[in-house]
Amino acid sequence: MIRYIFITGGVVSSLGKGIASAAMGALLQARGYGVRLRKLDPYLNVDPGTMSPRQHGEVFVTDDGAETDLDLGHYERFTGVSARKSDNITTGQIYRKILERERRGDYLGATIQVIPHVTDAIKEFVLADPGEGVDFVLCEIGGTVGDIEGLPFFEAIRQLGQELGPERAVFVHLTLLPYIPAAGEMKTKPTQHSVKELRSIGIQPDILLCRCDRAIPETEKKKIASFCNVRPSSVIEARDVGHIYDVPAAYHTEGLDAEVLSHFRIGEAAPAPNLERWEQIAGRIHNPDGEVCIGLVGKYTDVPDAYKSVMEALDHGGLANKVGVDIRLIDSEQFDDEHRPLDILEGVHGIILPGGFGERGARGKMRAARFARERKVPCFGICYGMQLSVIEAARNMAGIELATTTEFEDEGEPLVALMEEWTRGNQKEIRTADTDKGGTMRLGAYPAQLKEGSLVREIYGADLIHERHRHRYEVNAGYLKQLEEAGMLFSGLSPDGLLPEIFELPGHPWFVGVQFHPELKSRPFQPHPLFASFIGAAVKQSRLV
Ligand code: GLN
């Protein structure tokens with residue numbers, strides 16, 4: 001029997017609903033249950049693929065090629081369960097599907113309405129087969145209760161609560177208990193109002209997860225329980241912790257998993273959780289053997305959420321090497337100007353050039369790549385970071401002075417271009433043919449063949465890998481010979497040999513560029529081998545400087 005946990009949020013956004021859901025999933029998993037996490041996003045975009053990182057943060061890509069909410073990244077990292085296309089839905093997707101059906105005449109003349117058509121589509125998404133061995137499906141509703149666009153989602157889960165009954169559905173509501181210094185008190189009123197809002201649309205929360213910066217006095221817990229109509233044991237303290245990976249153990253101490261299970265009346269029968277791996281992670285995070293400093297050179301450094309998975313994967317690389325990672329976010333745009341010195345990069349032990357789009361900040365990234373190459377600082381180029389590193393090396397190592405990418409320059413040597421351009425003789429009109437911007441990229445997992453004797457072959461310990469992609473442009477294979485003669489090694493190619501997936505610089509302490517996004521597959525318990533190796537190289541570098 002599959003049980004459903006619905007997680008809603010109130011009071012304010014950014015309370016960490018994604019991490020709370022992921023941590024809850026991890027706790028159930030630690031008790032031996034199978035979990036799947038799903039995210040319902042009420043916004044109108046079909047997916048976050050076309051949204052600016054400034055609006056939405058990172059776009060998380062699944063193996064099966066969906067561009068999804070970054071919370072799915074938290075779900076994967078906390079539970080190790082790979083997310084699928086069918087784990088994230090938006091209002092845009094639902095309406096698109098309904099309107100297509102309506103145009104086909106599938107509704108046989110019926111009037112299409114929010115209730116039941118939209119709510120039925122939401123319920124269908126929630127109930128869709130979660131796969132083998134799943135005991136709990138955790139569904140997080142984006143936004144906060146009271147948002148107009150969220151209403152159909154709340155209505156759908158309300159109906160599901162009725163249809164499934166309390167033995168198969170539980171409602172968890174995440175709220176905030178602000179502390180008002182002038183009064184010297186923790187305030188429960190916003191939580192009361194938020195629950196009132198939820199009850200006004202027919203949902204009585206079963207468990208309240210209360211974010212706070214200090215312990216909740218027992219008197220306040222009782223007050224919340226009585227005003228919000230929940231058991232006192234269902235008011236769970238979710239206090240700020242030092243690191244996100246401390247959250248599962250903290251929630252367990254506060255009794256969250258026990259409360260969920262007792263709601264389902266399986267509390268007594270449930271095995272105790274094995275939290276050993278979380279304890280190990282926490283031990284490494286809080287007692288590192290030294291620290292390395294990594295410069296992350298990108299365009300969206302003012303919105304760190306844009307690099308969520310990259311930053312997490314760097315931390316995982318630190319866990320693998322038992323060191324802390326101090327990530328210095330460096331705005332690449334400031335180096336677009338040739339005259340700006342790169343002194344901010346002096347003393348970093350490694351440089352990471354993440355993915356990105358467009359012209360702004362691109363020259364700055366190329367200058368950072370050149371700095372790393374010439375000064376022999378470990379450097380990791382990801383997607384756009386890889387493409388720009390190839391262009392830099394083409395210009396300054398292979399003497400192809402006009403090397404560029406057709407992403408922002410039509411003139412010059414198309415070292416990086418749309419595949420159609422370089423396979424069909426650089427026909428530029430193909431670029432403009434593309435009007436639908438959604439889903440026009442190479443998305444999801446693709447295989448790459450690694451060359452015997454290369455650094456990456458040794459790092460992965462395998463000759464065939466599968467990594468997730470999200471890009472339109474590719475390194476132009478027509479230039480590979482010339483680049484290899486100049487000292488680069490294209491050590492990973494698509495199995496048909498057409499698409500360069502990885503390059504490295506033999507003779508450099510550690511310089512690897514990858515066309516894919518390895519950060520999306522890194523997990524605290526299984527740090528991605530490239531990130532583990534990169535941080536290992538940074539540790540060596542830190543002993544030199
Ligand atoms: N802008 C580049 C492309 O579309 C790289 C994309 C990325 O870094 N994700 O190919």
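Counting starts at 1 for both ligands and their atoms, in listed order. From a predicted model like this one, the values you see are computed outputs, not experimental measurements.
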Consider every N or O of G356 and every N or O of ligand 1, then say whether any pair is closer than 3.5 Å. yes
Geometry only, no angles: is Q387 polar-contacting ligand 1 at N/O separations under 3.5 Å? yes
Which ligand 1 atoms are under 4.0 Å away from a heavy-atom of [X]?
X: R470; value: 6 (C), 7 (C), 9 (N)
X: H471; value: 3 (C), 4 (O), 6 (C), 10 (O)
X: G355; value: 8 (O)

Please check this pair: side chain of T90 against backbone of N45, looking for a donor-acceptor N/O pair closer than 3.5 Å. yes
Between the main-chain N or O of A532 and the side-chain N or O of N321, is there a donor-acceptor pair closer than 3.5 Å? yes
Quick test: of every protein heavy atom, which one is nearest to [atom], and how far off is it to 0.1 Å?
atom: atom 10 (O) of ligand 1; answer: Y473 N, 2.8 Å
atom: atom 7 (C) of ligand 1; answer: C383 SG, 3.0 Å
atom: atom 1 (N) of ligand 1; answer: E407 OE1, 2.7 Å

Check for me whether R277 meets the cation-pi criterion with F525, that is, NZ or CZ under 6.0 Å from the six-membered ring centre and within 45 degrees of the ring axis. yes
Would you verify whether the NZ or CZ of R77 falls within 45 degrees of the ring axis of Y75 while also being under 6.0 Å from that six-membered ring's centre?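 That pair does not qualify as a cation-pi contact.
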Which part of M441 is near ligand 1, with near meaning a heavy atom under 4.0 Å away: side chain, backbone, both or neither?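 It is neither part, as no heavy atom is under 4.0 Å.
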Is the contact between R472 and ligand 1 made by the side chain, the backbone, both, or neither, using heavy atoms and a 4.0 Å cut-off?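 Both the backbone and the side chain of R472 come within reach of ligand 1.
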Could you establish whether H517 and ligand 1 come within less than 4.0 Å of each other, counting only heavy atoms on the residue side?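 Flag set, H517 near ligand 1.
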Please report whether the ring centroid of [Y] lies less than 6.0 Å from that of [X].
X: Y245; Y: H243; result: yes
X: H528; Y: F534; result: no
X: F531; Y: F380; result: yes

What is the ring orientation for H56 with Y43, classed by angle as parallel under 30°, tilted 30 to 60°, or perpendicular over 60°?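 H56 and Y43: perpendicular rings.
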